[in-house]
Every structure is written in structure tokens, then in C-alpha cells.
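Notes follow once the structure below has been shown.
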Amino acid sequence: MNLPAVLGAVTLAFATCAAANNQRYLFVPPVELLNRMTDEEIRELIRKEPPVPPLATSTYHLSVLAQDEARAAVKLRALVEAMFSAHEVLSRYLSSWEELVGAGVEAEGFASHPLHAYALTKHVSLGWPHVEAALQAVSNLSQDTEWLLSRSEKRGVPTGEDLATVAGGMARLHDYYSLNLTALAHARLVSAIDARPVPCGITPSALDLHRIGSEAVSHNVLNSGVDFLRAALDRWDGNASFVKSADTFDRHRNLRQTDLRKVEKFHDQILERKGPRSTFHSTYERPFNKTLARKKKYHKKDEVVLGELGNSIQGQKQYYRLCRGEDLRPVDVTSRLYCRYVTNGSPLYRIGPLRMEVQSLDPYVVTLEEVVTPSEAADLVDASARYLMRSSTIRANGGSAESFMRTSSTAWMLDSDLPVLSELTHRIEQIAGVNAQQNRGAEMYQVVNYGVGGHYTVHHDYIDKGLINNRIATFLVYLKDVPQGGRTVFPWVGTGVRPKRGSALLWYNMNRVGMPDSRLQHGACPVLLGDKWVINKWIFYGGQLHTLPCGPEKKGDTIRQPQA
């Protein structure tokens with residue numbers, strides 16, 4: 001089966017992960033090769049399980065890690081017990097031997113004395129069976145030992161890079177949701193989007209807070225860096241009296257007030273030069289330096305730009321506000337929105353139409369409820385989970401790269417992989433009136449799972465790879481509910497959507513004449529609490545030429561909308 005449209009899209013990086021020097025690389029086969037591949041050959045390529053799971057960017061693999069660690073703990077306890085028993089026996093046996101050494105056992109003729117002979121015989125005959133039993137108990141655990149030693153190579157053990165990514169995710173959560181760090185230090189999660197405390201069983205130490213603050217600074221999340229470093233200093237008592245067991249493995253850290261002052265100064269320098277927020281940095285709206293803070297530019301009222309593409313700083317500010325649950329549009333816009341039941345003229349939905357809620361009229365963005373059932377959503381998660389790989393972003397030269405801009409894990413699936421996927425493709429076609437077949441109609445399905453603070457900063461699904469193979473529309477289905485965070489937001493539209501299991505989000509990336517609609521830039525907000533799973537289907541422009549013919553662009557003109 002030829003897949004020219006699919007293979008022409010750079011974003012379909014049929015990635016396999018290779019472990020080398022603890023790095024993960026993306027492998028993208030040449031288009032010429034893929035054009036000659038059958039469906040089964042492509043499936044074989046994308047179905048290679050990554051040898052090193054993307055632990056830091058996937059809550060699924062972190063859950064698997066917890067189960068794996070529980071199994072390791074059982075084996076380690078048995079090994080400790082056996083080794084402790086062996087240590088006791090061997091120590092007593094060696095003590096008995098030292099007594100014989102003191103009596104001259106190593107001297108020639110020692111055994112010629114009857115008492116010497118008796119003592120030596122007694123030492124070995126009574127002691128050695130206990131030594132053998134102790135050593136046998138340890139030897140019986142050799143398979144467990146081999147399993148434990150193979151974890152890093154075969155099963156995936158978090159690296160320092162993984163720890164840095166998770167710590168960076170914590171910093172991002174504070175940046176977006178203003179975590180109450182005092183509450184966090186007392187094992188309670190409280191944020192700006194939900195003041196109700198969520199208890200947890202772990203109390204972070206001063207070293208934990210310092211590590212998170214340090215990672216925040218290294219990623220230029222400077223507002224979070226300052227706050228976490230300050231919280232670490234507040235918690236540090238100078239005598240290290242509060243040290244958790246895990247801290248004994250941590251390197252020595254100097255928690256000094258002077259370091260905090262340096263970070264505050266760096267924060268103000270970046271704020272002065274680059275403003276408070278961009279794709280690659282974030283600071284507070286005002287500097288810590290009181291003299292700088294008196295400047296007029298730090299006292300301007302925030303503006304909102306809607307209906308057009310503004311600058312990146314403005315986009316990041318609006319993205320940030322939308323992630324917190326705000327709606328930036330005036331009442332005269334939101335008052336015209338509506339919801340209704342739709343069939344789109346399809347026999348499939350004539351009985352049991354879908355509930356559609358219009359999120360925006362221009363540009364056109366809608367949500368549709370119960371597109372997939374809970375059991376179908378669970379099947380999709382289970383089928384894709386073990387093929388998750390670290391998500392990448394597209395470089396200007398068309399290549400792929402891992403980036404702090406996007407922290408999640410991705411699995412690609414063919415329509416033929418599961419009955420529910422071919423059924424979902426049929427539903428998309430009926431709902432949106434498009435050709436969603438995996439060929440010229442649409443790309444493969446992309447399943448995404450997010451990790452700690454997992455997000456995807458503001459971007460556009462349109463990628464200039466030729467009109468035929470470009471993404472005219474995005475059909476995104478939420479596979480799980482997300483208790484806090486994880487919204488999909490549109491900064492230039494001024495609205496966002498909270499994940500709801502089974503519901504779909506539909507928008508059009510291009511207008512009728514094939515030009516990208518820049519207003520449809522969007523972002524996936526950081527996941528504060530919960531497990532976010534989505535599945536994407538990108539519809540190709542070329543596959544819709546017969547169903548959605550192009551025409552003159554007019555203000556307010558939209559591509560075919562689902563009809564009642």
C-alpha cells in the first residue's frame with residue numbers, strides 16, 4: 001500500500017529509540033524508502049518498542065517504573081536478608097578461625113598436638129555446614145541478582161537527565177499555576193487554579209527544592225527558580241537535621257543566600273532585555289530590584305490581542321492566562337456561542353446525534369462529546385502505551401529534535417492496528433464531512449501521553465510541506481479526564497478546552513484557498529494533576545479537493561461545519 005501523503009509529512013517521524021551513551025535518538029527513514037514500504041513493513045518499523053522507555057515524559061512509564069521498583073524492592077529485601085544472615089555466619093566462622101590463627105594453626109606441625117587437631121576439626125566440621133547454607137541462600141538469589149543488574153539495560157532506570165526533566169516539569173508547574181511552596185513543603189498541592197489542598201505522602205526536603213530551583217534556572221524559568229531556591233533556604237536549618245533517606249545519595253549542595261541573590265540579579269537582567277515571557281524563558285512581570293521596578297514599562301496594563309497574530313511575548317502571556325482557565329474574549333463574542341446536537345446528515349448519527357459545543361465561531365472551533373466510549377479509550381491507551389517514545393519538535397530544516405518546548409511521549413498507529421481506529425476514522429468522516437482515510441486523506445493516528453508538567457508550547461499544526469500534504473484540519477480526542485491543568489488553548493482566539501474523556505476537539509488549520517490560519521496557533525498546557533492521553537488525526541488538504549472545493553476567501557468564511 002502506497003502512503004504518499006503520509007510519507008510526505010515530516011511530522012511522521014516513524015521514530016525508534018536507540019540507547020547509546022544514555023542518549024535517545026530519532027531515526028527517520030528516507031521518503032524514497034518509505035514510498036516502497038507496505039502497510040505491514042511500516043507497522044513493523046513503528047512497532048519497535050524503545051529499548052529505553054521515555055520515563056520522564058510519560059506518566060504511563062512512570063507508573064510502570066513504580067510497579068517495577070516494587071518488584072525490585074521485594075528482591076532486594078530477600079537479598080539483604082540472605083546477605084545479612086551470611087554476614088553473621090561468615091563473621092562467626094572467621095572469628096573462630098582467628099582463634100586458631102592465634103594458637104599457631106599456620107605453623108608447621110600444628111595438628112600434631114591432639115588439642116590442636118580437635119580444635120581445627122571442630123572449627124570446620126561444625127562451622128562449614130553453616131557457611132555452605134548461608135552461601136547457598138545467597139546463590140539461590142542469583143537470578144534475582146541478574147534481574148536487578150539488568151534493569152538499567154533492559155527495563156529502563158531513570159537517569160540524571162530524567163531527573164532533570166521531571167524537576168524542570170515541577171518548575172514549569174509553578175511558573176504556570178503558582179504552586180503554594182509552603183504547602184508543597186508540607187506535602188500538600190495547592191495552586192492558583194484550585195485552592196483545595198491535594199495531600200500526598202512525600203514531603204520534599206530542602207535539597208529537593210534546591211534541585212528543582214537549579215533546574216528551573218538552567219531552563220531559564222527564572223521566576224520559579226527564584227521561588228524554589230528561596231523555599232530551599234527557608235527549609236534549610238544549617239545543620240541538615242532534616243535529611244531524607246534518598247538525600248544520602250545526593251551530591252553535596254551549598255544552600256547559600258548569595259546564590260539566590262545572583263539568580264535574582266540574572267532574573268532582572270533577562271527581564272530587562274527580553275521581557276517577561278517567551279517560548280524559551282519566563283520571569284515575573286516586575287524585577288526584584290526596586291529601582292528597576294519603578295520604570296513605567298513595568299506598570300503598563302496588560303492588553304489582549306485577539307483575531308490576529310500578535311508577537312510571541314503577547315502570545316505566551318495569553319497562553320499562560322488561558323492555561324489558568326481564563327476566557328479572554330468579550331461578552332459580545334461569548335454570548336453568540338451555542339451548543340446543539342448534530343448529525344451532519346450522516347445515517348450513523350441520525351439516531352443518537354452528537355452533542356456539539358461551539359468554542360469559537362471565527363475561526364471555527366468545536367468540541368463533540370462521546371466520540372469514543374470509555375472502553376474504546378482504554379483500549380487505545382493499552383494498545384499504544386508500550387510504543388511511546390519521547391516526542392519531538394520539527395526543526396526549520398525539516399528534521400526532528402527533542403526540546404524543552406514539548407515534554408510528552410508519542411506513539412504512532414495505523415488505521416488497521418485496531419478495529420476501533422478504523423471505526424474512529426469512519427466517525428471522523430461522518431462528523432466532519434472529510435476524507436480521513438490513511439492515504440491522501442489523512443496521516444496516521446498519533447497517541448500522546450504527557451509526563452510531569454507535560455506540555456507543548458504555542459505552535460501551529462500547519463507545516464509548509466506542499467499544499468497537498470498539509471494539514472487542513474485537526475481532530476483531537478481526549479482519552480482520559482485530567483483533574484487539573486492540561487487544557488488545550490488558542491491564544492489568538494482567547495479560549496481553551498479542558499480535557500474530557502471521549503470528547504473531541506475539531507478545528508481547521510487552513511482556509512478555503514489553502515492558506516494557513518495563523519489564529520489557530522494553540523498550546524497544550526502543563527498537566528498539574530492527572531494522566532493526560534490524547535489521540536490526533538490530521539486531515540490532509542489534498543484529500544478534500546472533491547468534498548471541500550476551494551473558493552474565494554471571504555471574511556467569516558469557514559470550511560464545512562457539522563450540521564444538525
Side-chain angles (χ1 to χ4, degrees), residues 167-168 170-185 190-193 195 206 209-210 212-236 254-306 308-330 404-405 453 455 457-458 489 491-492 494 523 525-526:
M170 290 289 296
R172 187 183 307 110
L173 291 176
H174 181 53
D175 175 28
Y176 278 78
Y177 304 126
S178 296
L179 304 182
N180 184 322
L181 297 189
T182 301
L184 191 69
V190 179
S191 71
I193 60 174
L209 298 171
H210 189 274
I212 295 170
S214 299
E215 288 299 329
V217 173
S218 71
H219 288 102
N220 286 327
V221 188
L222 300 173
N223 47 347
S224 293
V226 169
D227 288 352
F228 272 103
L229 291 176
R230 183 180 290 120
L233 284 169
D234 290 344
R235 191 157 180 76
W236 185 254
N254 291 318
L255 277 65
R256 298 176 298 192
Q257 196 75 26
T258 53
D259 293 335
L260 175 61
R261 297 290 172 257
K262 290 178 181 178
V263 174
E264 289 178 341
K265 184 177 180 180
F266 182 52
H267 169 281
D268 290 355
Q269 291 172 347
I270 296 297
L271 175 58
E272 276 279 285
R273 295 203 315 265
K274 300 182 178 181
R277 189 171 291 274
S278 73
T279 303
F280 303 104
H281 86 283
S282 61
T283 67
Y284 280 113
E285 294 288 331
R286 296 182 183 179
F288 291 100
N289 184 287
K290 293 181 180 180
T291 302
L292 291 176
R294 286 196 287 267
K295 289 187 176 182
K296 290 183 179 180
K297 67 178 181 179
Y298 296 122
H299 297 273
K300 291 180 179 179
K301 185 178 180 181
D302 270 348
E303 297 180 354
V304 175
V305 177
L306 298 177
E308 60 181 303
L309 184 65
N311 62 52
S312 62
I313 292 178
Q314 187 66 34
Q316 287 295 320
K317 284 184 176 182
Q318 293 179 193
Y319 169 50
Y320 171 84
R321 292 176 62 183
L322 291 167
C323 284
R324 291 188 169 208
E326 293 185 51
D327 195 304
L328 306 180
R329 299 171 295 180
F404 194 63
M405 294 168 55
H455 79 133
T457 193
V458 179
V489 301
W492 309 119
C525 299

### Message
Applying side-chain contact (heavy atoms from CB on, under 4.5 Å) to Asn220 and Phe266, what does each step give before you reach the verdict?
### Response
CA-CA 10 Å; Asn220 286 327; Phe266 182 52; 3.9 Å; yes
### Task
List the steps, then state whether side-chain contact (heavy atoms from CB on, under 4.5 Å) holds for Gln318 with Glu326.
CA-CA 9 Å; Gln318 293 179 193; Glu326 293 185 51; over 6 Å; no
### Query
Do Val304 and Arg321 pass the side-chain contact (heavy atoms from CB on, under 4.5 Å) test, and can you show the C-alpha distance, the side-chain angles, and the key distance before you say yes or no?
CA-CA 11 Å; Val304 175; Arg321 292 176 62 183; 3.7 Å; yes
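Aromatic pair Tyr176/Tyr319: ring centres closer than 6.0 Å.
Between Asp227 and Arg230, at least one side-chain N (NZ, or NE/NH1/NH2) sits under 4.0 Å from a carboxylate O, which counts as a salt bridge.
Across every non-hydrogen atom of Gly315 and Val458, the tightest pair is O-CG2, 4.4 Å. Smallest separation of non-hydrogen atoms from Glu285 and Pro276: OE1-CG, 3.9 Å. Nearest approach of Trp492 to Val305, heavy atoms of both residues: CE3-O, 3.4 Å. Residue Ser224 comes nearest to Ala171 through the heavy atom pair OG-O, 2.7 Å, listed as atom of the first residue, atom of the second, then distance. Shortest non-hydrogen contact noted between Gly275 and Thr283 is O-OG1, 4.0 Å. Looking at every heavy atom in both residues, Leu181 comes nearest to Ala231 through CD1-CB, 4.1 Å.
A donor atom on one side chain and an acceptor atom on the other are found under 3.5 Å apart for Tyr298 and Glu272. Inspection of the Ser282 and Arg172 side chains reveals no N or O donor paired with an N or O acceptor under 3.5 Å.
A donor-acceptor contact shorter than 3.5 Å is absent between the side chain of His174 and the backbone of Gly225.
The side-chain tip of Arg235 does not point at the ring of Phe228 from less than 6.0 angstrom away and within 45° of straight on.
Of the inter-residue distances, the one linking Leu209 atom CG with Ser214 atom OG reads 10.5 Å to the nearest 0.5 angstrom. With rounding to the nearest 0.5 Å, the separation of CG in Leu233 from NE2 in His210 is 7.0 Å. Here the SG-OH distance, from Cys525 to Tyr177, works out to 5.0 Å after rounding to the nearest 0.5 Å. With rounding to the nearest 0.5 angstrom, the CG atom of Asp175 is 10.0 Å from the NE2 atom of His281. In this structure, Gln314 CD and Leu306 CG are separated by 9.0 Å, a value rounded to the nearest 0.5 Å. To the nearest 0.5 Å, the span separating CG on Leu222 from CG on Asp268 amounts to 9.5 Å.
Scored by the side chain to side chain donor-acceptor pair (under 3.5 Å) test, Arg329 finds Asp327, Thr495 as partners (sequence neighbours excluded). Partners of Lys300 under the salt bridge (Lys or Arg N to Asp or Glu O under 4.0 Å) rule, at least two apart in sequence or in another chain, do not exist in this structure.
The local environment of CD in Glu303 is sparse, with at most 12 non-hydrogen atoms from other residues, nucleotides or ligands closer than 6.0 Å.
The side-chain hydrogen bond (donor to acceptor under 3.5 Å, both in side chains) test with Tyr320 singles out one residue from Lys317, Gln316, Arg324, and that residue is Arg324.
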